[in-house]
Protein chains: 2
Amino acid sequence: MPAPTLHATTAQWLTKDNQRYTSQRRALVAVLADAVQPLTIPQLLERQPGLAQSSAYRNLAVLERAGVVRRIVTSDEFARYELAEELTHHHHHHLICTDCGGVTDFELSDAIEHTLETALAAMAARTGFVIRDHQLDIVGTCPKCRSGG
Amino acid sequence: MPAPTLHATTAQWLTKDNQRYTSQRRALVAVLADAVQPLTIPQLLERQPGLAQSSAYRNLAVLERAGVVRRIVTSDEFARYELAEELTHHHHHHLICTDCGGVTDFELSDAIEHTLETALAAMAARTGFVIRDHQLDIVGTCPKCRSGG
DNA sequence: ATTTATGCAAATCGTTTGCAAACCT
DNA sequence: AGGTTTGCAAACGATTTGCATAAAT
């Protein structure tokens, strides 16, 4: 159940980037909003029959440039896509399963997240690096693969 | 200046994995030990003339399986390689510059690192996920690109 | 001797791109 | 009309692999 402002905000961000909010792009955003975890291109094509692979790549690139979508690249064969945190207001990190390649979201407590961000800001100030984003990935084995393997 | 135990430990880990510590692999480890940041394959080939590209890929895969080397994959075109933390005893994270693609290491204070690890362990216990490793990446712009761009 | 490592060139495969038709405004 | 988007098929490029030779044990 996407928030009512989801498509409105997306449209706005695309417009700001001189891009149109076409029906395909709207459908992509809807699928990503419904997904419980970041999706690969094959998974997106499965959930959106009739979508050409090249259009998926192109539209996701457009959505990424507009800040609507985030691309996650693991050592897995496919990249994965999810809605940007700025859009979902849902701060989270990733559990990456080395067995099945799946990516699951998790959250830290606000306190720890805040501590971490403060430390990173201090580090950035020290080094002159400008932080755009941070990404905490946990690599290991998910419960499903742990029992099934 | 590599620690005296570097090659000894590497040899031991490779042997445990039924792999030989050939001169090429030794040279790769030496180059990585000298590097101040994770290196791409082209950078490795530059620093080790005469090394075949395919051998670089193959040997780095062997070293990665043995736990000697860690492969870092960003959205950049090339993957990057560095010595594993278990070998350098040097806990660190990565600053990834979206401009030049460079990866720079940084450390958090022991206190924050410990807080973070405790929180992650609790999360793992809650979800049933088995943690092998965690990776904290900061995405942004490095000082060089910030002034030069 | 037998297994493993290496270099070369070719294959692989996720992703990107050229182009003509369909779409929007 | 004037631009953008889409689908198809072809191109791209980092990585992998087959095979014959060299090295290691």
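Worth knowing before you read on, the calculation uses all heavy atoms, side chains too, and leaves out hydrogens, waters and symmetry mates.
- At whole-Å resolution of the value, CG in B/Asn18 and P in D/dA24 are 19 Å apart.
- Residue pairs meeting the salt bridge (charged side-chain N to carboxylate O under 4.0 Å, His left out) criterion with at least one member in residues 53-81 of chain B, sequence neighbours excluded, are B/Arg70-B/Asp133, B/Asp76-B/Arg80.
- Listed for the B/Gln37 side chain is a donor-acceptor partner under 3.5 Å among the backbone atoms of B/Val103.
- Taking A/His91 as the reference, A/Glu85 meet the side chain to side chain donor-acceptor pair (under 3.5 Å) condition, with sequence neighbours excluded.
- In this structure, the CZ atom of B/Arg65 is 13 Å from the P atom of C/dT4, given to the nearest Å.
- Put simply, A/Thr22 has no side-chain N or O that comes within less than 4.0 Å of OP1 or OP2 on D/dT4.
- Side-chain contact between B/His94 and B/Pro38: present, with at least one pair of heavy atoms (C-beta onward) separated by less than 4.5 Å.
- At the phosphate of C/dT6, OP1 or OP2 sits under 4.0 Å from a side-chain N or O atom of B/Asn59.
- Hydrophobic cluster membership of A/Leu108, counting Ile, Leu, Val, Met, Phe, Trp and Tyr whose side-chain heavy atoms lie under 4.5 Å apart directly or via other members: A/Leu95, A/Phe106, A/Ile112, A/Leu116, A/Leu120, A/Met123, A/Phe129, A/Ile131, A/Leu136, A/Ile138, B/Leu95, B/Phe106, B/Leu108, B/Ile112, B/Leu116, B/Leu120, B/Met123, B/Phe129, B/Ile131, B/Leu136, B/Ile138.
- Residue pairs meeting the salt bridge (charged side-chain N to carboxylate O under 4.0 Å, His left out) criterion with at least one partner in residues 103-115 of chain B, sequence neighbours excluded, do not occur; the list is empty.
- Taking atom CG of A/Asp76 as the reference point, atom P of D/dT15 lies 15 Å away to the nearest angstrom.
- With rounding to whole Å, B/Gln19 atom CD is found 10 Å from C/dT6 atom P.
- Comparing the end axes of the helix from C/dA1-D/dT25 to C/dT25-D/dA1, each fitted to five base pairs by superposing C1' atoms of four pairs onto the next four, gives an inter-axis angle of 30° (nearest 10 degrees).
- Partners of A/Ser75 under the side-chain contact (heavy atoms from CB on, under 4.5 Å) rule, at least two apart in sequence or in another chain, are B/Val73.
- Screening residues 11-33 of chain A for side-chain hydrogen bond (donor to acceptor under 3.5 Å, both in side chains), with sequence neighbours left out, gives A/His7-A/Tyr21, A/Gln24-A/Asn59, A/Arg25-A/Asn59.
- The nearest whole Å value for the distance from the CD atom in B/Glu64 to the C1' atom in D/dT16 is 14 Å.
- Look at CG on B/Leu63: it is 17 Å from P on C/dT4, rounded to the nearest Å.
- Protein atom CG of B/Leu14 is 10 Å distant from nucleotide atom P of C/dA5, rounded to whole Å.
- Listed by first then second residue, pairs satisfying side-chain hydrogen bond (donor to acceptor under 3.5 Å, both in side chains) with a partner in residues 43-55 of chain B read B/Thr40-B/Gln43, not counting sequence neighbours.
- Distance, B/Leu39 CG to D/dA14 P: 17 Å, rounded to whole Å.
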Checklist entry - Reading nucleotides 10-25 of chain C from the 5' end, what letters show protein touch, with B for base, S for backbone sugar-phosphate only, - for no heavy atom under 4.0 Å? => result ----SBBBB-------
